[in-house]
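Treat the numbers as computed from the prediction; the structure is a model and nothing was measured. Order of the sequence lines fixes the chain letters, A, B, ..., with proteins taken first and strands second; residue numbering starts at 1 for each chain.
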Amino acid sequence: MEIALTTEGMVASQMPTRHRSGQPAPTIGIDAWFDDGLPRIYGYFLPRLGGHQALAEDLTHETLLAAIRSSNGPRDPERVLPWLYGIARHKLIDHYREKDRQFRALGSQVSDERIIDEAASLPDLDLESLPVREAVIETLDALNPRHRAAIILRYLDDCELSVICETFFLTPSAAESMLARARAAFRAAWIARHGERS
Amino acid sequence: MTTNHDHDFHQLRGSFDRPVQPRTTFADALRRDLRETETLHGHAVSEPATHVVPQRVAPPRPLPAPRRREHPVWMNIAAALFVFVLIGAGWWNLADRGGDPSSELTRFAAMPESNASPMAEGTIADGTSVSMSRFGAIPSNEVIVTASHSLLFTMPMYAESGTLTARRAATGDALWTIPDLAVWDITATDAVVVIRTAPQTGATPDVRSTEAMSLSPGLVVADIGSGEVLWSIPALADSAYSAPTDDAFMTSAPVVTDEILAVANGIGNVRAWDLRTGQLRWSINVTTSSETSSIARFGQPFLAASGNSLIFIDGDGIAHVLHAADGTAQGTWTLIDAADLTDLAWLTLNDIQGHLFIQMAFPNRSVLKLLDPLTGTSIWERDVGGMSSLASWDDDNVAIVTTEWAEAPLISRILPGLPDGSTTAHLLVLEIASGAQIHGAVQTISESSYGLLLSIDEGIVCYAFATLSCTDNYGNSVMIDGLPESETPYSIWSITVVDGMLFVGTEQGVYAGDLQP
């Protein structure tokens, strides 16, 4: 069974808001969405977390628990999955920020000016092939946290640049430069692993 | 915004949104957890699954762009004039503020035979190298403890073995060393140094293995004067932990009081040993929460000490107060409303002079709080603009940095090619007792600003953005002279200010100098 996102998707107006009366608003019980929603949310996290099962399980757990604890989930069944994806996206961004903070707090600085090389490009990838998708995930996992997050948010999730700005508190020009470095780092890592051709 | 250089990346879209069935044991346990939570909250309305309309699935949409405030034209003109006046007054850059420097460093030289020079190299699979050196604790002005090793996968829990060295702070002479230690973090008192060892060691570990993530950290306790290892525990997650889950292996940083050393893990087990002998004094579980302790510092469970008490924060935001000597419960209080937890971008806890210092970061603002750790009573609370990130503190003051997006004046936004805003970092120094601001300054963060470092002690705060700068509590800059030209700002891995000295860890070695306001 597949469930549609509404045309508005995850825009802010549809994100859950607290019930104004202060009383819990009725939401849809887990029986209605668990069997279908769990593999989707887990499948959303897994490739974005380097294929780490334990990490994907943790964030899936956090996401669904936050959904259950929320007193203002959607009453419309069609809104459940977009709502869950919205929470999942926030959890993922929090995770990336935390990883970046750890990276910075430990003094890890990447002088990555040297890796800008926009001349190279990725080959056409057969992304219907599981090994190719796994190779992409492995390559993403080899990047530093900021580069990894930038590629995933911009290209896997098709986010606007403003989301990257907001995630890492960058100006648009700084985010664009960082994204260019992230692309170059990904290309370099891919070519180092797989050569010029996939 | 798109570029002409990313066409090859757009092929990635849509290929990583496929449902994946998780492990049955995980799914079953999660379903049980959710049912229990649903029952507890009691607000769910069960709907039959058939009410869900089968339709096509699309991947999640991007989050909306951050909302900007719209200002009237007169405000933009006034802001432009104000900025112009500030620039003219020389107030723009923190390094330029405050008139003449009160002193210069009298010595700033590479320590001889620094064990951080050259850096050890760690190798991850496929030839990717990640290396760094970092300081440990500096318990007094006489001894500095440094750890030189490599980090694998940029996480300290994957540190390779290296050498722990105690040096005389004044000269850099080595006092003692402990070889073959994979240091995760260091805690110290005047009597002992406590090392939490990293669970994953080796030249080429499979860092993506979930088994590797489940290996256990250990403890090593050594005499600060001689380096003699007093006692050690190779693996904290031994049979004493009955639940061999990942949460059981994720431990808090060790907490040291006068007599005991305590560690907590993610499922609420707290254990305490005699600090000098290593004898287990008590071991209890303080929470029945089924949730991992998500209120954590840098992803680790949070345990703090205050006087003769320990405070453990569980995953439900409940603070458990324990008597340090025997582990008996002294009470609980609620750290934060559960609804706020969902909205937080992140939450940072620090144990500052026996108080809990909280940085609650919401999307466009931060709230700082100082709490009495025994009762949860708020001592002071302060709303600061932007996102609060780092914190450093001494006996009297806490220094924090917040970052904030600021819209450019109208003239900049209407002309093509000019930036429509910038991110700025605010350095704030607050009095711990009252929360009053000692002084504040603003410095624009450059693109390469991550790796921000901050350290404060005895009225001098040093920070490294693109450059290394120091200032006193009145905003007067303190000159730093003598760092070799071969050292670039990007090679600085750590800065520590203690007792009027500045220690700088770089790729080339450990440097030290006097800071006298």
With only heavy atoms counted, which part of A/Ile151 is less than 4.5 Å from chain B, the side chain, the backbone, both or neither?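 Contact with chain B is through the side chain of A/Ile151 alone.
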Go through the structure and list residues passing side-chain contact (heavy atoms from CB on, under 4.5 Å) with B/Leu34, not counting sequence neighbours.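 Residues passing side-chain contact (heavy atoms from CB on, under 4.5 Å) with B/Leu34: A/Ile30, A/Trp33, A/Phe34, A/Leu64, A/Leu65, A/Ile68, B/Leu30.
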One should read off an interatomic distance between A/Cys159 SG and A/Arg89 CZ, to the nearest 0.5 angstrom, of 4.0 Å
One should read off an interatomic distance between B/Gln21 CD and A/Tyr42 OH, to the nearest 0.5 angstrom, of 10.0 Å
Are A/Phe186 and B/Phe9 close enough that their ring centers fall under 6.0 Å?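 Yes.
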Among A/Pro47, A/Ala88, A/Ala189, which residue forms the greatest number of heavy-atom pairs with chain B at distances under 4.5 Å?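 Looking at each of A/Pro47, A/Ala88, A/Ala189 in turn, A/Pro47 comes out on top.
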Residue among A/Leu46, A/Val136, A/Ile152 with most heavy-atom pairs under 4.5 Å to chain B: A/Val136
